[in-house]
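Only heavy atoms go into these numbers, but all of them, side chains included; no hydrogens, no water, no symmetry mates. So you know, we letter chains A, B, ... as the sequences are listed, proteins then strands, and number each from 1. A quick note: this is a predicted structure, and the numbers were derived from the prediction, not measured.
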Protein chains: 2
Amino acid sequence: MKLDPRHLELLAAVVDHGGLTEGAAALGKSQPSVSRSLGQLEARIGAPLFQPGRRPLQATDLGLALAEQGRAVLKADRAASQIVALYRSGHAGLVRVGGTPVFMDGVIAGMIAEFQQACPDVRVDQSYGYADDLIEGLGNGTLDLAVVPLRPEKVPASLQFQPILPGLNVIACRVGHPLTRRKLVTPGDIAEFPWIAPPANSPLYADLRRALTDIGAEDFKISFSGGSLASVISVLTGSDSLTVLPYSVVFMMRPQKTVTALSLRIGHPDRNLGLLMAAGGPVPPATARLRSFVAARFEALARRIVAHQTNQLWR
Amino acid sequence: MKLDPRHLELLAAVVDHGGLTEGAAALGKSQPSVSRSLGQLEARIGAPLFQPGRRPLQATDLGLALAEQGRAVLKADRAASQIVALYRSGHAGLVRVGGTPVFMDGVIAGMIAEFQQACPDVRVDQSYGYADDLIEGLGNGTLDLAVVPLRPEKVPASLQFQPILPGLNVIACRVGHPLTRRKLVTPGDIAEFPWIAPPANSPLYADLRRALTDIGAEDFKISFSGGSLASVISVLTGSDSLTVLPYSVVFMMRPQKTVTALSLRIGHPDRNLGLLMAAGGPVPPATARLRSFVAARFEALARRIVAHQTNQLWR
DNA sequence: CGGACAACATAACCTGCTGTTATGAAACTG
DNA sequence: CAGTTTCATAACAGCAGGTTATGTTGTCCG
């Protein structure tokens, strides 16, 4: 005999609330509905669930035993509802975030850590890639969110782009680097020092080349290339090398007092760092929540940068 | 959000059977039914339960989490079905048995003990009473089964009576009683000994009076009266008293070798020991099972009595 | 690469359950 | 014993689930 789990729920509610009327009320149903459904259950199993002729309806042994199972059903149902609620509010789920390596390591990973303090049940799968990879990932559904520097006109129609910071690069070096003692750094000064280059296929590498040619530094020697942000920072702090990094990344590292930026304005790439998401379809709530969290953090970051710039020489 | 526990069951089955088709088969439903129901669940919660475009349907994290709860629902449902199955087969439930004290203590209680070896989940509530009480109890639903000596014509129309033994009484005494050495006991012999009388309102007491007057024992002295069978047996075995007991009760006590019957025929009451049950309505399965068990044991008892009588002097 | 197969989705229809309100019967209360 | 509470019944509307038949789409394999 297969019986309807909803009937067991009804039974449990009625037994636990000490009456049909109150049980029905607790379930948000009308009293006749519950009465009839339980009558049907009773007819199905061919045995009385309630002692006949008692006005505050009282269960038989069989009724109590089945109500026990009904409680289990109710518990599971509530747990399921809770899971769904967490998911729908974005407090649970999976977000697959992709981004350019330097931003991910230097800025986003820290924000994700903060985010997971508030939403520990959101799993974040992080991956690295450049614009094309990320756009493809978002297109075929293997990625939920991308953090990528992009020219707004290069955004495909099927995606939406939310700019969060202007693409501002600086020349970075270790704290205590000889050039940091100069009030003003000239293009000629930097020619002496070796350079750390980002991976050759990265946009940052193109930025570096452009920045250096812009300021007239025709030839420069590359002492280290490739590697993730951690490697770059290690080499940077262990030598007098220079490199090009996004302003935000250097800014985020201020507290460590290991890396700083030279007082030398370089050309800005005409891109914005932004958040890229699929448009049109429904957005998974956890993705939406992480997106707005990151956006808010960047907004705060932008304000801190502005406040900082009013007291600093950096340009 | 309240979601249907049946949907969770479907989800669990599909996840656990590795596919929609097999899951549907395992539930005894058609594949389109399950497909549509799960689609509905998905629409309700507004989130994908399955990874899109995978042919052996594969659940998302959310789907797996909900399937977990579905398993709990399935488990409770199966447990409930099991409870009902036990009840319906008479292997679980409650039987309220009433009967005359001497029969209950001397014969029925032992049979109930045997019955509960086979059906440990059947609870038996035993009570004592005489014919009128028992009939009333059966009538108003406070009793399921009565074991009572009754004249068949006195059975109310709303009840059914199943005779199981002729109402046969004997004069009982302790093993080793002086009268047991006599080959033949005469009415005169028994006049010397004191009598133990059952409670004055019991049918057995009437039997005793009638038996004694039948055999011409006009005056007899009563040394002990009232008390349950245990008291009677204690007094009987501790003295040379005599009493009247149903044959079956004395017969059941043979193994203890404490009580026996005199070789003196006394009048038989025109009643049958039988099982009394409500007629018409549906019989609780546990009651039916206990009834048939007791009836079978009495049948066996009757055969043993017949076999014994061919080798004994008792009449 | 393309065809065969399997797995899932959709369509159309019907049955049955659940929900509602209104109302009646029965039991508990003082 | 009357009032009140509690449950059962009636009548009806609507939806969800069951079915079979039939598309559509991954997957597998030569």
Do the side-chain N or O atoms of A/Ser35 get closer than 4.0 angstrom to the phosphate oxygens (OP1, OP2) of D/dC7?
no
If the helix axis at each end comes from five base pairs, how far does the helix from C/dC1-D/dG30 to C/dG30-D/dC1 deviate from straight, to 10°?
50°
Show the numbers, then the answer: is there a side chain to side chain contact (heavy atoms under 4.5 Å, CB included) between B/Phe50 and B/Glu42?
CA-CA 9 Å; B/Phe50 295 96; B/Glu42 226 169 14; 4.2 Å; yes
Check: B/Ala85 main-chain N/O paired with B/Ser89 side-chain donor or acceptor under 3.5 Å
yes
Measure from CZ on B/Phe50 to C1' on C/dC8 and round the result to the nearest Å.
11 Å
Nearest whole angstrom, please: distance from the C1' of D/dA8 to the CD of A/Gln51.
18 Å
Rounding to an integer number of Å, can you tell me how far B/Leu11 CG sits from D/dG17 P?
14 Å
Determine, for nucleotides 13-19 of chain C in 5'-to-3' order, which nucleotides have protein heavy atoms under 4.0 Å from the base (write B), from only the sugar-phosphate (write S), or from neither (write -).
----SBB
Test side chain to side chain contact (heavy atoms under 4.5 Å, CB included) on A/Val283 and A/Met277 and set out the steps.
CA-CA 9 Å; A/Val283 178; A/Met277 283 173 56; 3.4 Å; yes
Could you report the tightest heavy-atom contact between B/Pro284 and B/Tyr87, atom names first, then the distance?
CB-OH, 4.1 Å
Partners meeting side-chain hydrogen bond (donor to acceptor under 3.5 Å, both in side chains) with A/Glu114 (sequence neighbours left out)
A/Arg297
Considering only distance and modelled atom types, tabulate donor-acceptor pairs under 3.5 Å from the side chains of residues 1-14 of chain A, sequence neighbours left out.
{"residue": "A/Lys2", "atom": "NZ", "partner": "B/Glu9", "partner atom": "OE1", "Å": "3.4"}
{"residue": "A/Lys2", "atom": "NZ", "partner": "B/Asp77", "partner atom": "OD2", "Å": "2.8"}
{"residue": "A/Asp4", "atom": "OD1", "partner": "A/Arg6", "partner atom": "N", "Å": "2.8"}
{"residue": "A/Asp4", "atom": "OD1", "partner": "A/Arg6", "partner atom": "NE", "Å": "3.3"}
{"residue": "A/Asp4", "atom": "OD2", "partner": "A/Arg6", "partner atom": "NE", "Å": "3.4"}
{"residue": "A/Asp4", "atom": "OD2", "partner": "A/Arg6", "partner atom": "NH2", "Å": "2.9"}
{"residue": "A/Glu9", "atom": "OE1", "partner": "B/Lys2", "partner atom": "NZ", "Å": "3.4"}

Does CD belonging to B/Gln162 count more than 12 external heavy atoms closer than 6.0 Å?
yes
Shorter than 3.5 Å, N or O on both sides, protein versus nucleotides 28-30 of chain D: list them out with atom names.
none

Mind listing the side-chain donor-acceptor pairs of residues 59-66 of chain A below 3.5 Å, one per line with the distance, residues two or more places apart or on another chain?
{"residue": "A/Thr60", "atom": "OG1", "partner": "A/Pro48", "partner atom": "O", "Å": "3.0"}
{"residue": "A/Thr60", "atom": "OG1", "partner": "A/Leu49", "partner atom": "O", "Å": "3.2"}
{"residue": "A/Thr60", "atom": "OG1", "partner": "A/Leu62", "partner atom": "N", "Å": "3.4"}
{"residue": "A/Thr60", "atom": "OG1", "partner": "A/Gly63", "partner atom": "N", "Å": "3.1"}
{"residue": "A/Asp61", "atom": "OD2", "partner": "B/Arg123", "partner atom": "NH1", "Å": "3.3"}

Output yes when B/Asp144 and B/Arg96 qualify as a salt bridge under the 4.0 Å nitrogen-oxygen rule, no when they do not.
yes
If I take atom CG in residue B/Leu57 and atom P in nucleotide D/dT25, what distance separates them, rounded to the nearest angstrom?
16 Å
For B/Gln58 and C/dC8, what is the distance between atoms CD and C1' respectively, to the nearest whole Å?
15 Å
Interface residues of residues 12-27 of chain A with DNA chain D (non-hydrogen, below 4.0 angstrom):
A/Gly19, A/Leu20, A/Thr21
Give the table of side-chain donor-acceptor pairs shorter than 3.5 Å for residues 152-160 of chain A, with sequence neighbours excluded, one pair per line with atom names and distance.
{"residue": "A/Glu153", "atom": "OE2", "partner": "A/Arg151", "partner atom": "NE", "Å": "3.4"}
{"residue": "A/Gln160", "atom": "NE2", "partner": "A/Ala278", "partner atom": "O", "Å": "3.4"}

If you apply the rule side chain to side chain contact (heavy atoms under 4.5 Å, CB included), what do you find for A/Ser127 with A/Leu143, and how did you get there?
CA-CA 9 Å; A/Ser127 59; A/Leu143 215 53; 3.7 Å; yes
List the atom pairs, donor and acceptor, that lie under 3.5 Å between side-chain atoms in residues 68-76 of chain B and the rest of the protein, sequence neighbours left out.
{"residue": "B/Glu68", "atom": "OE1", "partner": "B/Arg71", "partner atom": "NH2", "Å": "3.1"}
{"residue": "B/Arg71", "atom": "NH1", "partner": "B/Asp16", "partner atom": "OD1", "Å": "2.2"}
{"residue": "B/Arg71", "atom": "NH1", "partner": "B/Asp16", "partner atom": "OD2", "Å": "2.9"}

Where do B/Arg289 and B/Gly90 come nearest, in terms of heavy atoms and distance?
CD-O, 3.3 Å
Suppose we screen for side-chain hydrogen bond (donor to acceptor under 3.5 Å, both in side chains). Which residues come up paired with B/Ser30, at least two apart in sequence or across chains?
none
Please produce a list of atom pairs where a protein N or O lies less than 3.5 Å from an N or O of nucleotides 26-30 of chain C.
{"residue": "C/dA26", "atom": "N3", "partner": "A/Arg55", "partner atom": "NH1", "Å": "2.7"}
{"residue": "C/dC28", "atom": "OP1", "partner": "A/Arg55", "partner atom": "N", "Å": "3.4"}

Measure the distance from CD on A/Gln31 to P on C/dG24 and round it to the nearest whole Å.
15 Å
Please test A/Leu38 against A/Leu41 for side chain to side chain contact (heavy atoms under 4.5 Å, CB included), starting from the C-alpha separation and ending with a verdict.
CA-CA 5 Å; A/Leu38 284 180; A/Leu41 175 59; 4.3 Å; yes
The side-chain hydrogen bond (donor to acceptor under 3.5 Å, both in side chains) partners of A/Gln40 (sequence neighbours excluded) come to none
B/Leu38 CG to D/dG18 C1', straight-line distance once rounded to whole Å:
15 Å
